[in-house]
Amino acid sequence: MRFPRALVGLALFSISLPAFGWNLDGHRIIAGIAYARLKPNTRARVDALIRKHPDYETLLTKDAPADPTARARYAFMNAAAWPDMIRGDARFYDEMRADAAPTPPIPGFPESKKHPTWHYYDIPYSPDGTPGESTPPPNALSELQRLIPEIGSTKDDALAAYDLPWIEHLVGDVHQPLHATSRYLKSQPKGDAGGNFVWVVPGKPLHAYWDDAAGTELNDQQRVQYGAIMTQQHSRPWRLSLRPNDWIDESYALVKTVVYSFGPVTGSRETPLTLPDGYAERTQAIAKRRIALAGYRLAQVLNNQLH
């Protein structure tokens, strides 16, 4: 998530589902898919790290079920949304702002930065030849490449407990196509910030349209249920790439073939563009597949690093 996010409906197995994607509930669904596929030793390690997270008793287990097993799963799923939860948290500061003022150290955390640039890695897409720029580090690619081996090698549980929600979240982020690009046009020579400066009916940025392809305000049972439905529809590939570069390249390929298939138009807040027939259905289908794939990959990454 860069800025708040889209929506589409789906009916599966006679269940009417709200939209699917990568807002807070989308990240929780991905984590739920992964949690169900963790090996016993990995799950025990993950549960222990989550309990050591400084926000365990507040943000991570707020409204959690009392049953210990369900509570552990809930906390892990909520941890996947934590990097977005702290965007408006006064304890943390945006280090990218020119006037950034560091906030006081927070007990238990290695740092108090919000890390807004960690959420994406923009490959410039320039259909009309307008020059573009890639995202400098730190970004989603540089941090996934750093955090994944770090959580497996560190002996510092506090650091591992901090890294875990970021890994959960960033694996999900880079499977959302608009976290892998910024489109450059002659009419937008500075780029569209991953679709945030393209406005579509029903009156929201394209980025939000894709983000909210995940559904909103779901309860714990729905998140688990919908994750199970998605994995029934999209089974785990036999060959599962665990290279973050590949995940981003896949998202970028969708950018060129589907996301901007409506052409070099941008719309505006006052006159949002109408997406072509079938666009919502394609968004929905891609969202389901990418969410399932992100869940499979997150599980394998953690099984490899925390066995």
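Computation of the quantities below employed the complete heavy-atom set of this structure, encompassing side-chain atoms and omitting hydrogens, waters and symmetry-equivalent molecules.
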Intermediate values then yes/no, side chain to side chain contact (heavy atoms under 4.5 Å, CB included), Lys288 and Ile229:
CA-CA 9 Å; Lys288 290 187 290 181; Ile229 291 171; over 6 Å; no
Other residues, nucleotides, ligands: >12 heavy atoms within 6.0 Å of Asp94 CG
yes
Determine whether Leu60 and Leu159 fall in the same hydrophobic cluster, where Ile, Leu, Val, Met, Phe, Trp and Tyr are linked whenever their side-chain heavy atoms lie under 4.5 Å apart.
no
Give me the atom names and distance for the closest heavy-atom approach of Gly195 to Leu178.
N-CD2, 4.1 Å
Arg290 vs Ser251, side chain to side chain donor-acceptor pair (under 3.5 Å): CA-CA, chis, key distance, verdict:
CA-CA 9 Å; Arg290 296 297 283 170; Ser251 286; 2.8 Å; yes
Partner of Arg223 under side-chain contact (heavy atoms from CB on, under 4.5 Å), picked from His27, Arg73, Met77, is Met77
Is it true that atom CD of Glu111 has more than 12 heavy atoms of other residues, nucleotides or ligands lying nearer than 6.0 Å?
yes
Would Arg37 count as a cation-pi partner of Tyr296, with NZ or CZ less than 6.0 Å from the six-membered ring centre and within 45° of the ring normal?
no
Given side chains that start at C-beta, do those of Ile167 and Leu298 come closer than 4.5 Å, heavy atoms only?
yes
So does Asp67 have more than 12 non-hydrogen atoms from other groups sitting under 6.0 Å from CG?
yes
Is the closest side-chain heavy-atom distance between Arg45 and Leu38 below 4.5 Å?
no
Find the distance between CH2 (Trp118) and OG (Ser142) and round it off to the nearest 0.5 Å.
8.0 Å
Mutual orientation of the aromatic rings belonging to Tyr279 and Trp210 [parallel < 30°, tilted 30-60°, perpendicular > 60°]:
perpendicular
Closest heavy-atom pair and its distance - Asp192, Gly194
OD1-N, 3.1 Å
Between CD on residue Gln305 and NE2 on residue His307, distance to nearest 0.5 Å:
7.0 Å
Restricting to non-hydrogen atoms, name the atom on Val200 and the atom on Pro272 that form the minimum distance, rounded to 0.1 Å.
C-CB, 3.4 Å
Distance in Å, Leu254 CG paired with Arg282 CZ, rounded so as to fall on 0.5 Å steps
12.0 Å
Could you tell me whether the side chain of Tyr252 and the main chain of Pro124 form a donor-acceptor pair under 3.5 Å?
yes
Which heavy atom in Arg43 sits nearest to a heavy atom in Tyr35, and how many Å separate them?
NH2-O, 2.6 Å
Distance-only, no hydrogens or angles: does the Ser112 side chain make a donor-acceptor pair with backbone N or O of Pro105 under 3.5 Å?
no
As an exercise, state the distance from CD1 of Ile291 to CD of Gln233, rounded to the nearest 0.5 Å.
11.5 Å
Would you please classify the geometry between the Trp82 ring and the His53 ring as parallel, tilted or perpendicular, with 30° and 60° separating the classes?
perpendicular
Thr135 side chain to Asp122 main-chain N or O, any donor-acceptor pair under 3.5 Å?
yes
So, do His234 and Leu293 sit near enough that their side-chain heavy atoms are less than 4.5 Å apart?
no
What's the verdict on salt bridge (Lys or Arg N to Asp or Glu O under 4.0 Å) for Lys62 and Asp55, showing C-alpha distance, side-chain angles and the deciding distance?
CA-CA 10 Å; Lys62 182 181 180 182; Asp55 284 344; over 6 Å; no
Quick one: pull up OG in Ser126 and CD in Gln188 and give me the separation to the nearest 0.5 Å.
11.5 Å
Less than 4.5 Å apart, any side-chain heavy atom of Leu273 and any of Val198?
yes
Sidechain-backbone polar pair: Asn78 side chain, Tyr74 backbone, donor-acceptor under 3.5 Å:
no
Pair Thr130, Asp128 - check side chain to side chain donor-acceptor pair (under 3.5 Å), show working.
CA-CA 6 Å; Thr130 302; Asp128 65 4; 2.6 Å; yes
Only one of Lys114, Glu143, Arg87, His179 passes side-chain hydrogen bond (donor to acceptor under 3.5 Å, both in side chains) with His119; say which it is.
Arg87
Minimum heavy-atom separation for Gly263 to Arg183, with atom names?
O-NH1, 2.9 Å
Just so I know, are the side chains of Trp199 and Glu270 near enough to count as touching, which here means a heavy-atom distance under 4.5 Å?
no
Determine whether Thr266 and Phe197 make a side-chain contact, defined as any pair of heavy atoms from C-beta on separated by less than 4.5 Å.
no
For the side chain of His169 and the backbone of Ala80, is there at least one donor-acceptor N/O pair under 3.5 Å apart?
yes
Is a side-chain N or O of Glu95 found less than 3.5 angstrom from the main chain of His115, in a donor-acceptor match?
yes
Do Asn139 and Tyr120 have side chains that approach each other closer than 4.5 Å (heavy atoms only, starting at C-beta)?
no
Say you draw a straight line from CZ of Arg289 to NE2 of His175; how long is it, rounded to the nearest 0.5 Å?
11.0 Å
Does the pair Asp47/Arg71 count as a salt bridge with the N-to-O cut at 4.0 Å?
no
Tightest non-hydrogen contact, residues Ala160 and Ile151, listed as O-CD1, 3.7 Å
Would you mind listing every salt bridge (charged side-chain N to carboxylate O under 4.0 Å, His left out) that reaches into residues 291-307, with sequence neighbours excluded?
Glu250-Arg297
Are any non-hydrogen side-chain atoms of Leu141 and Asn245 less than 4.5 angstrom apart?
yes
